[in-house]
Amino acid sequence: MNFKTPLLQLGDVLITSIQTDLSDAQVSEFQQDLVRAIGVKNANAVVIDISALDVVDSFMARVINDTARAARLVGAEVAVCGIQPYVAMTLVEMGRQLFDVQTTFNLEQALAAVKAAVDVRL
Amino acid sequence: MKDLDITTFMTENFAQIISLWQSKLEKILGQRLGNAPSIQLERHCKGLLESFIGTLTIKDNDHAEAELITLLTEVGTIWARKGLSASETSNFILTLKEALNSNVFEVYGDSDAQAFQMILEWQQRLDQLLMICHQAYTNSREKLIKQQNAALLELSSPVVKMWDQILLVPLIGVIDTVRARQITESLLTEITKQESTVAVMDLTGVPVFDTAVAGHLIKTVNAAHMLGCKVILTGISAEGALVLTKLGIEFKQVLTRGNLHSGVQAAFALKGLSVTLKSVA
Amino acid sequence: MNNKLKSIQLPIKTVDDIVLTRRKAREVAIKMGFGLADQTRLASAVSELARNVIQYAQQGECEISDQSTPEIVILQVLIFDYGPGIADLEAALRDGFSTSQGLGAGLPGCRRLMDEFYIESGLQQGTKIRIQIHASSL
């Protein structure tokens, strides 16, 4: 199967990243790719890296949340990593908790977090 | 007796007016302007009187008017920076008025009608100058206060590295929106720098704890959380805790501890560390 | 005091324009000396509003301008469209209100992010939103 979304596999963890703002079409492509890949590659966890995003508005936040929820529905633990400090500040200023996913600062912490979550499950 | 003319009078008696004015100023100010004030003071006095005459000679003399305002602004600004008070700064113009008045009486005698006429005329202009000078002084002071506020703001929200990946944020004083933002900013910057995963925020020094403060803190905690850093709040006073529960605010996913001591302990525990007593030989 | 930046007009017609618009807003903020925090909150708000334009009115326009006074540095962004407008402004500014699939944090969140937020809209009257970020001119 061919995926347009960049996906790295590390053991049972899939690592992907969002590079720029996505259009509606790209969003659904990204979500489909990721959710399918979880099944195909038999992944137990997903880490989404968003360090390239210097702006996250409520639309992008929703995209990230939805993706995480979908990934969880097909049985993967999810962590989002690399959120820029000023983006985090802006998100909380906008109000409401915009992410209902585990978030970490760097990839290493994200991997540790999803591994711990997978271990609990087993 | 010469005919009445302010500008001729001022030009003819220029040197006397300046020296009287300057000596009056020096007497009032003493050493307050610093060690080498007389040269600058002389430049200011001469420049001001020259442009003052300039504005009186030709009506709507834009160049002289601009020069006048520049000089007054400079004096107001410099004096404010040197820490002189507002009334001391007003003396710059008030002493000029005195110098002019006593000079005119000296030349014309103290019961001359023309002299009174002249005094009345420059009185009004001088008052305007005083206003300009005062405005410059106030502006400069306000700027200074703003700068000090900014400096104070930075000083008042330190974020300290307590241990590897553990930060300490001691909060002291009133927390308003501006400060809350500042605190969040420095905390987040430090989290990314140290890659910290735990932060202890101590509120012992926060006197008022209400919905607004709680709202700000929740935002800070949430932002830190997004960067993967858990926040432990310590030192919420008994009154503060009661107020919060009455307001229906609860800190979800926030660890709270009664004092800094147990907060630090909790932080260490989260990192799998503990403090033990080493037997002393 | 005439070193104010010229105002910039940008069309908002496609999803790509959202990115272009907020990037331009950030550029202007940098030029006017705003810090990273201010740049980010401005870019987010502009992104939010530009996306609203695409979503509800298909197209609109954006004007970024320098409105500074001697005491305050002011960056203003005006975003307007001739779309269907907002019938109930008060509801739209309430948290959690959304007529589409958004998070419902859009307008109220945007208002919280900005130092100045002004909205003018009515059913079939289009929408005009003016936002500003301020900094003291030290």
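The structure presented is a predicted model; accordingly, all values stated were derived computationally and were not measured. In what follows, chains are A, B, ... by sequence order, proteins preceding strands, each numbered from 1.
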Exercise for review: Please state whether the side chain, the backbone, both or neither of B:Thr197 comes within less than 4.5 Å of a heavy atom of chain A.
Suggested key: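 Interface part for B:Thr197: side chain.
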Check your understanding: With distance as the sole test, does B:Thr184 use its side chain to make a donor-acceptor pair with the main-chain N or O of A:Met89 at under 3.5 Å?
Key ->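 No, because the side chain of B:Thr184 does not come within donor-acceptor range (under 3.5 Å) of the backbone of A:Met89.
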Check your understanding: Under 3.5 Å, is there a donor-acceptor pair between the side chain of A:Thr104 and the main chain of B:Gly228?
Key ->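 No, because the side chain of A:Thr104 does not come within donor-acceptor range (under 3.5 Å) of the backbone of B:Gly228.
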Review point. Shortest non-hydrogen contact from B:Ala223 to A:Ala88?
Key: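 Where B:Ala223 meets A:Ala88 most closely, the heavy atoms are O-CB, 3.9 Å.
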Practice item. Grab the two heavy atoms, one from A:Asn106 and one from B:Glu195, that are nearest each other, plus how far apart they are. Key: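 Minimum heavy-atom separation between A:Asn106 and B:Glu195: ND2-OE1, 2.7 Å.
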Review point. Between A:Glu108 and chain B, which part of the residue has a heavy atom less than 4.5 Å away: side chain, backbone, both or neither?
Key: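 Contact with chain B is absent: no heavy atom of A:Glu108 under 4.5 Å.
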Point to revise | Within-4.5 Å side-chain heavy-atom neighbours: A:Pro85 and B:Leu227 | key: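 Sidechains of B:Leu227 and A:Pro85: in contact.
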**Study point:** Within-4.5 Å side-chain heavy-atom neighbours: A:Gln109 and B:Gln165
**Key:**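 Yes, side chains in contact.
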Exercise for review: To the nearest 0.5 angstrom, please state how far the CZ atom of A:Phe105 sits from the OG1 atom of B:Thr192.
Suggested key: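 So the CZ of A:Phe105 and the OG1 of B:Thr192 are separated by 5.0 Å.
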Check your understanding: From B:Lys219 NZ over to A:Met94 CE, what is the distance, rounded to the nearest 0.5 angstrom?
Key ->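 Taking NZ in B:Lys219 and CE in A:Met94, the distance rounds to 11.5 Å.
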Point to revise | Atom CZ of B:Arg81 with >12 non-hydrogen neighbours under 6.0 angstrom | key: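 Result for CZ/B:Arg81: open.
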**Study point:** Matching residue for B:Met226 among A:Val101, A:Val80, A:Ile83 - test: side-chain contact (heavy atoms from CB on, under 4.5 Å)
**Key:**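 Single pass found, and it is A:Ile83.
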